[in-house]
Amino acid sequence: MDVRSAMYNVDPATGDRQYLSAGASSLPSIYFLFCLAYAGLAAAWVAILLRKRAAVFRIHYFMLAVLVLKALNLLAEAEDKSCIERTGTAHGWDVLFYIFSFLKGISLFTLIVLIGTGWSFLKPYLADKEKKVLMVVIPLQVVANIAQVVIDESGPYARDWVTWKQIFLLVDVVCCCAVLFPIVWSIKNLREAARSDGKAAVNLMKLTLFRQYYVVVICYIYFTRVVVYALQTITSYRYLWTSVVAAELATLAFYVFTGYKFRPEVHNPYFAIDDEEEEAAAEALKLDDEFEL
């Protein structure tokens, strides 16, 4: 026989059925608010690009694309959860969510790799080993998104659900580790260049920037993969939304930090660094421990 079961809460005010759990009932509003936040960031980024056209690189347009995809992903997710809350099914919004989630995941990891290599900022090309990182990260993201679809569209009762869950976690960890290598390579190359080209102050600024970005990427990965999972585990089911808010706030902060640190800046070719600053930078660069990872 075929059995159809439905689980829902009843809104005490209106008597309507609510098919989302008590802890997830506020997710549509939360996702929509974050969608508006990213739309505002995208608009602000467009204004910056128009105002500083002389200093805009291709990577800045790619950053804009990542912001737009993230906003669309959140909009689709908000509508997906809203439809499920009202009717119990997604009505096709889940398909849009998976599409934008797939594009957002690939573009974000690609952006981290490109920034980590210094592409467009420090050099207009990618080395062979950096291309290999991209060739590993992008297929892994494809596998991760397939695993995510299987996990979301089934449950622990489904055949191979646990296997797909383990595949997703493994692929996610490998991707997170892979995107760190280009940043480490850039820091190493800058340290070597600092000893040979005589531009200590400039190299010190670049080293400091990439070291900060390395630390922030690690913190972002740790928080969104470990801390958020811990929140999901220890909080009551009524507060499921808190882990979503924490993850989205961390992601928003990461996007803002990346945009601020790598924003287009017009550098005056006649800008001169005095001898004292150059000597101080040269002394700082001699302390190798400062830039050990």
Side-chain angles (χ1 to χ4, degrees), residues 20-21 23-24 27 31 34 65-66 69-70 72-74 76-78 80-81 84 89-90 92-117 129-184 214 216-235 237 240-251 254-255:
L20 283 180
S21 65
L27 289 183
Y31 285 129
F34 277 105
V66 173
L69 287 172
K70 178 65 176 176
L72 291 173
N73 178 50
L74 287 169
E77 191 159 10
D80 175 46
K81 291 292 187 291
I84 292 174
T89 58
W93 282 99
D94 54 340
V95 177
L96 273 179
F97 163 69
Y98 290 132
I99 291 171
F100 288 126
S101 181
F102 169 70
L103 295 174
K104 181 265 300 180
I106 288 179
S107 61
L108 177 60
F109 276 94
T110 302
L111 178 64
I112 295 174
V113 171
L114 292 177
I115 290 178
T117 60
K129 61 182 180 180
E130 293 157 356
K131 291 177 182 177
K132 288 176 182 176
V133 172
L134 281 175
M135 290 171 63
V136 169
V137 167
I138 292 176
L140 284 176
Q141 277 296 297
V142 174
V143 175
N145 279 273
I146 293 172
Q148 187 65 60
V149 172
V150 173
I151 291 167
D152 289 347
E153 294 299 311
S154 60
Y157 57 84
R159 181 181 296 177
D160 298 329
W161 186 86
V162 174
T163 303
W164 279 106
K165 186 79 172 177
Q166 292 171 340
I167 289 172
F168 173 74
L169 292 173
L170 175 62
V171 168
D172 197 39
V173 170
V174 173
C175 279
C176 292
C177 294
V179 297
L180 293 175
F181 283 106
I183 307 176
V184 175
Y214 176 82
V216 169
V217 170
I218 289 180
C219 291
Y220 167 69
I221 291 171
Y222 178 79
F223 188 89
T224 54
R225 270 65 180 177
V226 178
V227 177
V228 170
Y229 178 76
L231 275 175
Q232 292 174 343
T233 305
I234 65 176
T235 54
Y237 74 94
L240 172 67
W241 57 271
T242 57
S243 60
V244 174
V245 171
E248 292 300 335
L249 283 175
T251 304
F254 178 71
Y255 276 61

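The shortest heavy-atom contact between Val133 and Ala178 is CG1-O, 3.7 Å. In this structure, Lys104 and Asn73 approach most closely via the heavy-atom pair CE-ND2, 3.5 Å. Of all heavy-atom pairs spanning Leu20 and Lys81, the tightest one is CD1-O, 3.5 Å. Across Gly23 and Leu240, no two heavy atoms sit closer than the pair O-CB, 3.7 Å. Contact between Thr117 and Pro182 at its shortest, heavy atoms only, is CG2-CB, 3.4 Å. In terms of heavy atoms, Ala147 sits closest to Phe168 at CB-CB, 3.8 Å.
Proximity of a side-chain donor or acceptor of Trp161 to a complementary backbone N or O of Ile151 within less than 3.5 Å is detected. Asp80 places no side-chain N or O within 3.5 Å of a backbone atom of Ala76 that could act as its donor or acceptor partner.
Under the 4.5 Å side-chain criterion, counting only non-hydrogen atoms from C-beta, Thr251 is in contact with Tyr220. With contacts defined as side-chain heavy-atom distances shorter than 4.5 Å, the pair Val113/Phe181 does not qualify. For the pair Lys70/Glu248, a side-chain contact is recorded, criterion being any heavy-atom separation below 4.5 Å from C-beta on. Thr110 is not listed as a side-chain neighbour of Val137, based on a closest heavy-atom distance of 4.5 Å or more. The shortest distance between side-chain heavy atoms of Tyr98 and Asp152 falls below 4.5 Å. No side-chain heavy atom of Ile138 sits less than 4.5 Å from a side-chain heavy atom of Phe109.
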Item to check | side-chain contact (heavy atoms from CB on, under 4.5 Å) evaluation trace for Ile146 with Phe102 | outcome: CA-CA 9 Å; Ile146 293 172; Phe102 169 70; over 6 Å; no
Next on the checklist: Pair Arg225, Cys176 - check side-chain contact (heavy atoms from CB on, under 4.5 Å), show working.
Outcome noted: CA-CA 10 Å; Arg225 270 65 180 177; Cys176 292; 3.7 Å; yes
Checklist entry - Given the rule in the side-chain contact (heavy atoms from CB on, under 4.5 Å) test, do Val217 and Phe254 qualify, once you have shown the distances and angles that lead to the verdict? => result CA-CA 8 Å; Val217 170; Phe254 178 71; 3.8 Å; yes
Item to check | From CA spacing to verdict: side-chain contact (heavy atoms from CB on, under 4.5 Å), Tyr255, Leu108 | outcome: CA-CA 10 Å; Tyr255 276 61; Leu108 177 60; 3.8 Å; yes
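Within the model, atoms CD1 of Ile84 and OG of Ser21 stand 10.5 Å from one another, a figure rounded to the nearest 0.5 Å. For the atom pair CD1 of Ile183 and CD1 of Ile112, the computed distance is 7.0 Å after rounding to the nearest 0.5 Å. Note that the CD1 atom of Ile218 and the SG atom of Cys177 stand 9.5 Å from one another [nearest 0.5 Å]. Atom-to-atom distance recorded for Leu140:CG and Ile106:CD1 is 10.5 Å, nearest 0.5 angstrom. The structure places CG of Asn145 at 8.5 Å from CG of Leu103, a figure rounded to the nearest 0.5 Å. Glu130 contributes atom CD, which lies 14.0 Å from atom CE of Met135 (distance to the nearest 0.5 angstrom).
Heavy atoms of other residues, nucleotides or ligands lying less than 6.0 angstrom from CZ of Phe223 number more than 12.
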